[in-house]
Amino acid sequence: MQNLLHNLNEEQLAAVTLPAQSALILAGAGSGKTRVLTTRIAWLIQTGQTSQSGILAVTFTNKAAKEMTARLSAMLPINTRGMWIGTFHGICNRLLRAHFKDAGLPQTFQILDSQDQLSAIKRMLKALNVDDEKYPPRNLMYFINSAKDQGLRAKDVDAADDYNRKFVELYELYDQQCQREGVVDFAELLLRTYELLSRNQPLREHYQARFRHILVDEFQDTNDLQYKWLKLMAGPHGAVFAVGDDDQSIYAFRGANVGNMSAFEREFKVENLIKLEQNYRSHGHILDTANELIANNSKRLGKNLRTDAGHGEQVRIYESISDLAEAQWIIEQVKNLIAEGWGRSEIAILYRSNAQSRVLEHALFSSAIPYRVYGGQRFFERAEVKHAIAYLQLMDNLHNDSAFLRVVNFPTRGIGAKALEQLQDAARQYNCSLYAAVPYVAGKAGSSLNAFIKLIEGARFESQHMPLQEMVKLVLERSTLMTHYQSEKEGADRIENLEQLVSAATLFVSEEGFGLDAPAFLGPQALASAGTGITLGDGIEIIDADASLVTLMSPLSAFLSHASLEAGDNQAQAGQDALQLMTVHSAKGLEFDAVFITGLEEGLFPHENSAKEEGGVEEERRLMYVAITRARKRLYMTFSQTRMLHGQTRYNLRSRFFDELPEDSIKWLSSKVVKQPNSWFAHPKAAWVETPESGNNKIAQGFNRQGSEWRIGQGVAHAKFGEGVIVNIEGDGGSTRAHINFGKFGMKLLDLSVAKLEKVG
DNA sequence: CAAGGCCATAGACCG
DNA sequence: TATGGCCTTG
């Protein structure tokens with residue numbers, strides 16, 4: 001115990017040893033929040049206040065959950081397997097597997113990732129003959145997900161007009177389709193669990209009594225449903241230990257509600273609010289810069305980071321002529337750093353949007369500096385892997401129409417659009433799955449469909465007693481996926497990924513403790529007894545930490561869940577000493593000795609779209625705050641007068657955020673006013689500002705050219721298009737064009753030297 | 001059924 | 001600039 005608390009500072013110690021009541025920990029960047037969380041858990045267990053089965057710890061990412069588990073194992077001599085530490089989705093999956101019957105789900109329910117969800121929606125719209133121009137699948141998906149994220153079923157959504165009523169109706173039909181097919185989307189995992197527990201009193205009380213200590217990481221990222229979920233889980237007596245930082249709330253766009261922090265304080269009757277303001281990461285000038293910037297936000301819970309590390313170096317600011325020049329300058333600096341002995345992997349280049357990485361990558365490639373780009377496609381999202389997974393899904397749940405359609409004709413086996421149309425008609429007529437509808441299709445189409453069914457059933461039968469990894473191999477062969485890619489010219493990578501899928505299965509089986517030779521399917525007896533808590537035959541038991549709950553899950557089901565819930569590495573592999581490139585969003589939670597924040601221009605950072613969103617600029621500022629606080633020792637900020645974007649040159653103003661930094665902590669490496677080759681100049685003041693109410697007031701200062709002062713935000717009148725407003729101005733020295741929004745005539749791109757425009761207002 | 005051409009589009013992200 | 005979706009054509 002002594003050594004457990006030994007290295008904590010006063011604030012951390014206070015947080016770790018709080019009484020068993022709900023508490024809010026405001027944990028600043030680099031203040032040791034993960035440490036506080038894990039030590040809190042260890043302390044609760046070690047002091048006998050709870051056993052390890054009484055703890056529920058929730059995170060947003062698998063990475064965070066893994067890290068927490070690993071640190072905890074290092075702290076306590078306990079087996080962390082079976083502990084309830086996981087993501088919201090992972091924990092819900094676990095609960096739904098254990099209580100699938102009460103939740104109204106089939107035992108082999110499968111999880112749709114967002115790709116699957118979108119294709120399920122497209123498929124539904126097609127079947128219903130809905131005009132997908134009028135009701136775009138993406139919009140419907142967004143509509144459904146945000147309703148679910150607020151805990152609303154279709155019947156709970158108030159439709160303002162006919163258009164919205166259609167969305168509500170489609171939402172309802174989508175849910176029915178999912179239910180029929182035995183699939184759940186991500187939001188459904190949470191909503192279904194929430195409904196299960198609110199409806200089922202004994203179950204609710206069981207878990208409320210069990211989890212007396214609930215710990216939540218990154219609380220500022222919770223959405224409305226997650227908040228309600230936590231409230232339900234905690235019940236009247238549970239203690240929720242919420243750790244978060246309102247200044248690092250950067251996910252409003254996916255439903256996160258920072259307001260949950262103050263709601264939590266109020267509704268959970270928080271008596272202890274502890275601020276962790278001691279920063280162990282960054283030098284003084286860097287922290288001062290972050291503090292001063294974020295002070296420009298209103299509605300903060302209030303927090304100021306401090307450090308004992310001393311001022312350190314000032315923040316270096318550099319202005320360049322072009323994005324190319326910016327990249328080259330950065331590379332020069334990187335080379336110098338490396339020559340001075342800074343580790344390559346301790347240097348990060350951050351950008352606001354992915355499109356910015358191209359120039360940087362190109363320049364890095366030319367100078368032969370090893371680098372790694374975060375983001376991009378993940379393992380289980382690759383097409384070939386998804387195909388293989390779909391075969392497995394279909395074998396585990398024959399009624400998964402999404403999986404059926406994905407592979408019924410891949411690799412091609414002569415089942416075309418006509419055949420599928422017949423099949424879908426039959427399925428509709430008999431209200432059954434595509435699989436079940438096959439016997440109703442006659443003729444040539446029927447026989448090729450039958451051959452496909454034989455393929456799936458044959459593979460299913462033969463792999464019955466096979467361990468998972470053998471089953472995967474069999475599927476790759478039987479489906480002819482392997483031979484298909486072998487004959488493809490550029491299939492080598494895909495083959496490699498498919499081989500890696502076999503390794504992933506092997507690894508999964510051994511890590512989850514199934515036993516390498518346990519069959520992938522549950523035996524028939526196990527299936528029959530599922531949900532009773534008793535296992536028979538060769539069923540696989542997943543025994544919970546307190547042994548009170550036995551979940552029956554086949555290795556195959558578990559692996560398929562794993563594939564959906566952990567799409568795999570989305571980030572650069574560790575190992576090689578390489579420079580790190582990533583967006584600011586994906587840098588959250590990481591830290592580096594030296595950081596470059598690039599492209600600090602109006603329209604880019606803050607991003608132009610943020611002007612239209614309520615509170616958008618404040619979120620951009622928090623994003624900037626996150627970026628700054630990634631740096632330990634050295635921080636660079638760069639911006640460029642011109643930038644290639646979508647194939648045309650844009651002339652941007654420097655970011656308003658420069659005006660919000662403390663003079664003493666920054667150092668301009670380029671002179672403050674750089675002469676422009678073509679009379680453009682960066683305006684020293686912010687181009688457009690957000691007013692708290694409207695949030696989208698573009699008061700813009702553009703540029704000045706040949707005495708005609710067209711500026712962004714200028715009202716204009718045109719003979720044909722009527723009145724409009726200048727939204728953006730661009731040019732390449734030769735001609736100058738303006739994007740003008742003419743309302744009902746839409747957006748026009750006009751040459752300012754040609755178009756006859758008058759100023760209005 | 002697959003390949004090739006045309007057009008629109010362009011933000012950040014995890015499960 | 002580059003990618004994805006859709007349509008036409010072989």
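The sequence lines fix the lettering, A, B, ..., with proteins before strands; numbering per chain opens at 1.
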### Task
Would you please classify the geometry between the A:Y251 ring and the A:H585 ring as parallel, tilted or perpendicular, with 30° and 60° separating the classes?
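Tilted: the ring planes of A:H585 and A:Y251 meet at 30° to 60°.
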### Query
Would you call the rings of A:Y485 and A:F410 parallel, tilted or perpendicular, where under 30° means parallel and over 60° means perpendicular?
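If you compare the ring of A:Y485 with that of A:F410, the planes turn out tilted.
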### Query
Going by heavy atoms in the side chains, are A:M644 and A:L324 under 4.5 Å from each other?
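Side chain of A:M644 against side chain of A:L324, heavy atoms only: no contact under 4.5 Å found.
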### Task
Compare every heavy atom of A:T598 with every heavy atom of A:T638, then report the nearest pair and how far apart it is.
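It is OG1-CA, 3.3 Å.
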### Query
For A:R621 and A:L293, which heavy atoms make the closest approach, and how far apart are they?
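Answer, listing the atom of A:R621 first, then A:L293: CD-O, 3.3 Å.
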For atom [atom1] of [X] and atom [atom2] of [N], their distance in whole Å:
| X | N | atom1 | atom2 | answer |
| --- | --- | --- | --- | --- |
| A:F88 | B:dC14 | CZ | P | 17 Å |
| A:F380 | B:dC14 | CZ | C1' | 16 Å |
| A:E381 | B:dG15 | CD | C1' | 10 Å |
| A:E619 | B:dC13 | CD | C1' | 11 Å |
| A:D221 | B:dG15 | CG | P | 12 Å |
| A:D185 | B:dC14 | CG | P | 18 Å |
| A:K588 | B:dA12 | NZ | P | 17 Å |
| A:K63 | B:dG15 | NZ | C1' | 15 Å |

### Task
Go through A:N145 and A:Q117 one step at a time and tell me if the side-chain contact (heavy atoms from CB on, under 4.5 Å) criterion holds.
CA-CA 10 Å; A:N145 289 340; A:Q117 190 188 12; 2.8 Å; yes
### Query
Stacking here means centres under 5.5 Å and planes under 30°; does A:Y251 stack on B:dA12?
no
Check every strand shown and say whether [X] touches a base, only sugar-phosphate, or nothing at a heavy-atom separation below 4.0 Å.
| X | answer |
| --- | --- |
| A:N62 | sugar-phosphate |
| A:F253 | base |
| A:F186 | base |

### Message
Assess, by modelled atom type and distance only, whether the side chains of A:Q356 and A:S353 contain a donor and an acceptor separated by less than 3.5 Å.
### Response
yes
### Query
With no hydrogens and no angle check, do the side chains of A:Q179 and A:Q177 hold a donor and an acceptor under 3.5 Å apart?
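A:Q179 vs A:Q177: no donor-acceptor pair found between side chains.
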### Query
How does protein contact run along nucleotides 1-11 of chain B, one letter per nucleotide 5' to 3', with B for base contact, S for sugar-phosphate only, - for none, heavy atoms under 4.0 Å?
SS-------BB
### Message
Whether the side chain of A:T61 and the base of B:dG15 hold a donor-acceptor pair under 3.5 Å is what I'd like checked.
### Response
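Counting by modelled atom types and ignoring angles, no donor-acceptor contact under 3.5 Å is found here.
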### Presence of A:T583 side-chain N/O under 4.0 Å of B:dC13 phosphate oxygens OP1/OP2
yes
### Query
5' to 3' on DNA chain C, which nucleotides open and close the contacts with chain A (atom under 4.0 Å from a heavy atom)?
C:dT1 to C:dA2
#### Entry: C1' gap between B:dG11 and C:dC6, integer Å
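B:dG11 and C:dC6 have their C1' atoms separated by 25 Å.
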### Query
Looking at A:Q110, A:K386, A:Q393, which one forms a side-chain hydrogen bond (donor to acceptor under 3.5 Å, both in side chains) with A:D116?
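For A:D116, the side-chain hydrogen bond (donor to acceptor under 3.5 Å, both in side chains) check succeeds only for A:K386.
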### Task
Decide if atom CZ of A:R153 counts as having more than 12 heavy atoms of other residues, nucleotides or ligands within a radius under 6.0 Å.
yes
